[in-house]
**Q** 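Below is one structure. I have some questions about it.
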Amino acid sequence: MELLCFLLALISVLSVFSGAIAKIPTTVDGPFDPITVPFDNSLRGHAIDLPDSDPRVGKRGRTFEPEQISLSLSTPDAIWVSYITGDFHIGNGTKRLDPSSVKSVVRYGPLRYPMAHEATGYSLVYDQLYPFEGMQNYSSGIIHHVRLTGLKPGKRYYYRCGDSSNGPMSPIKSFRTMPEVRDKSYPGRIGVVGDLGLTYNTTSTVDHLRRNDPDLILLVGDVTYANLYLTNGSGADCYACAFPDTPIHETYQPRWDYWGRFIEPLVSRVPMMVVEGNHEIEEQAFNKTFVAYSSRFAFPSEESGSKSTFYYSFDAGGIHFIMLSAYTSYYKSGDQYKWLQKDLEKVDRAVTPWLVVSWHPPWYSTYKAHYREAECMRVEMEELLYSYGVDIIFNGHVHAYERSNRVYNYTLDPCGPIYITVGDGGNREKMSISHADDKDGCPEPSSTPDPFMGGFCAANFTAGPAAGKFCWDRQPEFSAYRESSFGHGILEVKNETYALWTWHRNQDMYNGIGDQIYIVRQPNKCPVHHKVIKPFRGPGSVAAKSLFTSPHVW
């Protein structure tokens with residue numbers, strides 16, 4: 001009788017569970033009719049930066065006590081620990097610290113006491129220099145990057161960093177390594193955020209993300225928005241509008257330090273993988289760019305065969321992640337494209353079934369802001385990603401949320417990736433609310449090319465509902481869901497077939513759901529080919545609609 005009661009109770013629980021699952025749509029149910037959630041006007045106008053007087057951004061320890069501690073993944077058995085010691089200097093004549101004056105040391109182990117291992121790394125100091133009268137130059141504190149090796153999968157490790165002979169070490173912190181790299185082993189939750197900045201909306205986003213307890217974080221570009229400030233600390237929502245006459249686009253580098261202090265409680269225990277955005281360009285003297293970005297974070301570039309901090313790859317359990325750059329050459333003749341080909345060729349989908357790619361500006365966005373700005377990158381790279389069966393693509397840049405149907409070359413395709421734009425982290429530039437398909441919303445085509453990379457590839461559509469036009473006159477069929485709101489996303493890969501994607505709005509309770517769907521892989525229906533079968537001929541062409549010899553049917 002007891003066994004019978006247990007079985008009946010179990011059946012009841014399973015019925016409720018399966019019923020809950022049944023309420024969540026899957027990509028197999030698609031393609032879905034486009035949905036636009038009306039904009040809530042009460043959300044506009046509250047993206048205010050945290051001031052330097054906020055206790056969350058101030059320096060808390062002594063001069064050479066480690067601060068701004070963060071983690072990033074290296075190889076499956078290694079992790080990077082990054083931190084800063086010493087004070088930055090800003091002014092007309094900056095004092096530059098000597099990186100060799102403080103050792104880069106991390107002690108670590110599976111026990112809090114004693115920590116059985118010690119690793120040493122390298123250190124650097126970077127400068128942000130402006131050769132114009134009245135501008136203040138910046139020299140960073142000493143940035144340390146230390147690689148911890150010999151780690152076992154799925155285990156908790158304790159660590160503390162710093163040179164005990166030159167000041168106090170950090171408090172003891174801990175992290176959990178990624179699960180074993182194999183097909184039935186996945187991180188519990190992966191947080192995905194973009195375009196964060198350091199506003200009060202950012203604090204809400206990060207608080208909600210922290211409460212959702214991620215095991216890994218993807219930051220898809222635009223980190224601090226230090227380039228919305230002059231070197232004297234004066235800031236504005238729109239740099240070009242407020243400071244139109246500056247001889248060079250200035251940045252206020254201390255905002256990087258403020259951001260590093262604010263985010264440390266989260267990223268000192270959860271690895272964060274970053275890819276550069278346009279706000280990281282930060283041009284300075286001698287035509288240098290991206291210096292703060294490349295200096296402050298540690299990347300698994302060398303580990304993944306890349307020669308650049310702009311693009312790299314890594315594994316987390318049964319997921320292979322590829323981080324690409326929209327701000328260095330993406331042309332087929334360039335180093336990035338050649339590296340991408342080699343990286344894709346190495347992916348064993350029997351070991352890492354899921355293939356997730358990220359870069360900053362989206363290819364598939366229906367918002368007026370940055371509309372088709374990265375079209376040249378899409379023309380060069382989309383075919384290659386499609387031919388290797390990429391499952392999900394994450395982007396930022398547009399300050400809103402949007403999820404696509406499966407799409408390839410602007411055409412619904414059951415073997416195309418799902419594109420998700422999460423540029424809604426809460427930065428000072430506020431939300432994107434206008435759509436290119438709104439009445440009078442279509443931008444002038446000549447205004448759309450990315451100003452940093454240049455090039456113009458966004459011609460009028462040649463086929464489909466938008467044939468002969470630069471914009472659609474309604475929400476495009478590839479756009480499944482869009483909403484202007486700050487928030488973050490959580491990806492939970494359940495097995496080699498199902499991954500649950502959930503987008504959370506800031507204005508909801510942290511466990512509230514704005515958008516949710518199961519992304520379903522169908523490897524038998526969409527076999528991965530390592531060679532492109534048909535040439536790419538641009539939007540709407542017959543040859544561009546399929547790379548496979550058999551037709552795709554929904």
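Bear in mind the structure is a predicted one, so any value in this text is a computation, not a measurement.
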**Q** Pairing donors with acceptors under 3.5 angstrom, does anything connect the side chains of S204 and D207?
**A** no

**Q** Determine whether D450 and P361 make a side-chain contact, defined as any pair of heavy atoms from C-beta on separated by less than 4.5 Å.
**A**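 A side-chain contact under 4.5 Å is absent here.
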
**Q** Between G455 and C376, what is the shortest heavy-atom contact and its length?
**A**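 Nearest heavy atoms, G455 then C376: C-SG, 3.8 Å.
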
**Q** Any side-chain heavy-atom pair from Y386 and C415 closer than 4.5 angstrom?
**A**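 Yes, their side chains come closer than 4.5 Å.
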
**Q** I'd like to know if K430 pairs up with D237 as an ion pair, taking the criterion as any Lys NZ or Arg NE/NH1/NH2 lying under 4.0 Å from an Asp or Glu carboxylate oxygen.
**A**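 Salt bridge flag = yes for D237 with K430.
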
**Q** As a quick check of understanding, evaluate side-chain contact (heavy atoms from CB on, under 4.5 Å) for M272 and L266, giving each step before the final call.
**A** CA-CA 9 Å; M272 178 178 66; L266 176 60; over 6 Å; no

**Q** For the residue pair D413 and T411, confirm or rule out a side-chain donor-acceptor distance under 3.5 Å.
**A** no

**Q** Could you measure the distance from the NZ atom of K439 to the OG atom of S434? Nearest 0.5 Å is fine.
**A**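 Atom-to-atom, K439:NZ and S434:OG are 14.5 Å apart.
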
**Q** Does W359 have any ring-ring contact (aromatic ring centres under 6.0 Å, His included) partners at least two apart in sequence or in another chain, and if so, which?
**A**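 For W359, the residues satisfying ring-ring contact (aromatic ring centres under 6.0 Å, His included) (neighbours in sequence not counted) are W363.
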
**Q** Tell me if a side-chain donor or acceptor on R372 pairs with a main-chain N or O of F470 at a distance below 3.5 Å.
**A** yes

**Q** Once you round to the nearest 0.5 Å, how far does CZ of R406 lie from OH of Y419?
**A**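 Atom-to-atom, R406:CZ and Y419:OH are 11.0 Å apart.
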
**Q** Is it the case that the side chain of N427 and the backbone of D195 share a donor-acceptor pair, with hydrogens and angles ignored and the cut-off at 3.5 Å?
**A** yes

**Q** Roughly how far apart are S329 OG and M453 CE, rounded to 0.5 Å?
**A** 6.0 Å

**Q** Under 3.5 Å, is there a donor-acceptor pair between the side chain of D391 and the main chain of I418?
**A**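 Not a single qualifying donor-acceptor pair exists.
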
**Q** Do you know which two heavy atoms are closest between G487 and N506, and how far apart they sit?
**A**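 In terms of heavy atoms, the two residues are closest at CA-OD1, 3.4 Å.
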
**Q** When you look at R482 and H435, which way does the side-chain contact (heavy atoms from CB on, under 4.5 Å) test go after all the steps?
**A** CA-CA 10 Å; R482 63 187 184 187; H435 307 109; 3.5 Å; yes

**Q** Give a yes or no answer on whether the side chain of S306 reaches the backbone of Y311 with a donor-acceptor pair at less than 3.5 Å.
**A**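 Yes, S306 side chain to Y311 backbone: donor-acceptor pair under 3.5 Å.
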
**Q** So which heavy atom on V220 is nearest to which on G194, and how close?
**A** CG2-CA, 3.7 Å

**Q** Can you name the closest pair of heavy atoms from E282 and A226 and give their distance?
**A** OE2-CB, 3.7 Å

**Q** In terms of side-chain heavy atoms, does Q128 have a donor or acceptor partner in Y130 at a distance below 3.5 Å?
**A** yes

**Q** Any sub-3.5 Å donor-acceptor pair from T199's side-chain atoms to G426's backbone N or O?
**A** yes

**Q** Treating N405 as the side-chain partner and F32 as the backbone partner, does any N or O pair qualify as donor plus acceptor under 3.5 Å?
**A** yes

**Q** Compute whether any side-chain donor of one residue and acceptor of the other, for Q507 and S485, lie under 3.5 angstrom apart.
**A**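 There is such a pair between these side chains.
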
**Q** If we count only N and O atoms by modelled type, under 3.5 Å, do the side chains of N409 and R378 hold a donor and an acceptor together?
**A** yes

**Q** So, does T205 use its side chain to make a donor-acceptor pair with the main chain of G425 at under 3.5 Å?
**A** yes

**Q** Go through it in stages, so that I can follow the logic: the residues are I322 and L385, the test is side-chain contact (heavy atoms from CB on, under 4.5 Å), and I'd like the CA-CA distance, side-chain angles, deciding distance and then a yes or no.
**A** CA-CA 11 Å; I322 299 176; L385 297 181; 5.7 Å; no

**Q** Using a 4.5 Å cut-off on heavy atoms from C-beta on, say whether the side chain of Y337 contacts that of L384.
**A**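 Yes; the side chains approach each other to less than 4.5 Å.
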
**Q** So that I know where these two stand, are Y293 and F299 an aromatic pair - ring centroids less than 6.0 Å apart?
**A** yes

**Q** Would a 4.5 Å heavy-atom cut-off, applied to side chains only, mark F321 and L218 as touching?
**A** yes

**Q** Could you state the interatomic distance from CD1 (I24) to OH (Y518), rounded to the nearest 0.5 Å?
**A**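 Spacing of CD1 (I24) from OH (Y518) equals 4.5 Å.
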
**Q** Please examine the side chains of R56 and T203, heavy atoms only from C-beta on, and report whether any two atoms are closer than 4.5 Å.
**A**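 Yes; the side chains approach each other to less than 4.5 Å.
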
**Q** At their closest point, which heavy atom of D437 faces which heavy atom of Q475, and how far apart are they?
**A**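 Taking D437 first and Q475 second, the nearest heavy atoms are OD2-N, 3.4 Å.
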
**Q** Look at the side chain of H249 and the backbone N and O of N227, then say whether any donor-acceptor pair between them is shorter than 3.5 Å.
**A**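 It does hold such a pair.
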
**Q** The criterion is salt bridge (Lys or Arg N to Asp or Glu O under 4.0 Å); which residues satisfy it with E264, sequence neighbours excluded?
**A** K173

**Q** How far apart are the C-alpha atoms of T309 and F297, what are their side-chain angles, what is the distance that settles it, and do they pass the side-chain contact (heavy atoms from CB on, under 4.5 Å) test?
**A** CA-CA 9 Å; T309 59; F297 300 110; over 6 Å; no

**Q** Measuring centre to centre across the rings, with the benzene-like ring taken for any Trp, is Y364 within less than 6.0 Å of Y410?
**A**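 Distance test on ring centres: under 6.0 Å, yes.
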
**Q** Contact between E276 and Y327 at the side-chain level, heavy atoms closer than 4.5 Å - yes or no?
**A**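 Yes, at least one pair of side-chain atoms sits under 4.5 Å.
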
**Q** Is the positively charged end of R210 above the ring of F262, judged by distance under 6.0 angstrom from the centroid and angle within 45° of the axis?
**A**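 No, cation not above the ring by the 6.0 Å, 45° rule.
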
**Q** Do H370 and H397 have ring centroids that are under 6.0 Å from one another?
**A**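 Yes, ring centres under 6.0 Å apart.
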
**Q** Has the side chain of Y225 got a donor or acceptor atom that lies under 3.5 Å from a matching backbone atom of E429?
**A**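 Answer holds: no.
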
**Q** Between CG of D215 and CZ of R269, what distance do you get to the nearest 0.5 Å?
**A**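 It is 9.5 Å, given to the nearest 0.5 Å.
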
**Q** With L219, which of L196, V192, V422, V275 fulfils side-chain contact (heavy atoms from CB on, under 4.5 Å)?
**A**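 The single option meeting the side-chain contact (heavy atoms from CB on, under 4.5 Å) with L219 is L196.
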
**Q** Enter the distance from I490:CD1 to I217:CD1 here, rounded to the nearest 0.5 Å.
**A** 8.5 Å

**Q** Assess, by modelled atom type and distance only, whether the side chains of D257 and Y138 contain a donor and an acceptor separated by less than 3.5 Å.
**A** yes

**Q** Using a 4.5 Å cut-off on heavy atoms from C-beta on, say whether the side chain of Q253 contacts that of F88.
**A**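 With C-beta onward as the side chain, the pair stays apart.
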
**Q** Check for me whether R505 meets the cation-pi criterion with Y401, that is, NZ or CZ under 6.0 Å from the six-membered ring centre and within 45 degrees of the ring axis.
**A**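 No, cation not above the ring by the 6.0 Å, 45° rule.
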
**Q** Taking all non-hydrogen atoms of both residues into account, name the closest pair between P353 and Y186 and its distance.
**A**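 So the two residues come closest at CG-OH, 3.6 Å.
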
**Q** Between T366 and E402, do the side chains contain an N or O donor and an N or O acceptor separated by less than 3.5 Å?
**A**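 Yes - a donor-acceptor pair under 3.5 Å links their side chains.
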
**Q** Check the side chains of D315 and T352 for a donor-acceptor pair under 3.5 angstrom, ignoring hydrogens and angles.
**A** no

**Q** Whether the side chain of E67 engages the backbone of R261 through a donor-acceptor N/O pair (distance < 3.5 Å, no angle test) should be reported.
**A** no

**Q** Tell me whether Y498 at atom OH has more than 12 heavy atoms from other residues, nucleotides or ligands lying less than 6.0 Å away.
**A** no

**Q** Examine the side chains of Y229 and D49 and answer whether a donor and an acceptor come within less than 3.5 Å of each other.
**A**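 Yes, side-chain donor-acceptor contact under 3.5 Å.
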
**Q** Do the side chains of R296 and V223 get nearer than 4.5 Å, heavy atoms only?
**A**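 A side-chain contact is absent here, since even the closest heavy-atom pair is not under 4.5 Å.
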
**Q** May I ask you to check whether T289 and E283 show a side-chain donor-acceptor distance below 3.5 Å?
**A**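 No - no donor-acceptor pair under 3.5 Å links their side chains.
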
**Q** Can you list the residues that meet the side-chain contact (heavy atoms from CB on, under 4.5 Å) rule with A436, with sequence neighbours excluded?
**A** Y371, P443, C471

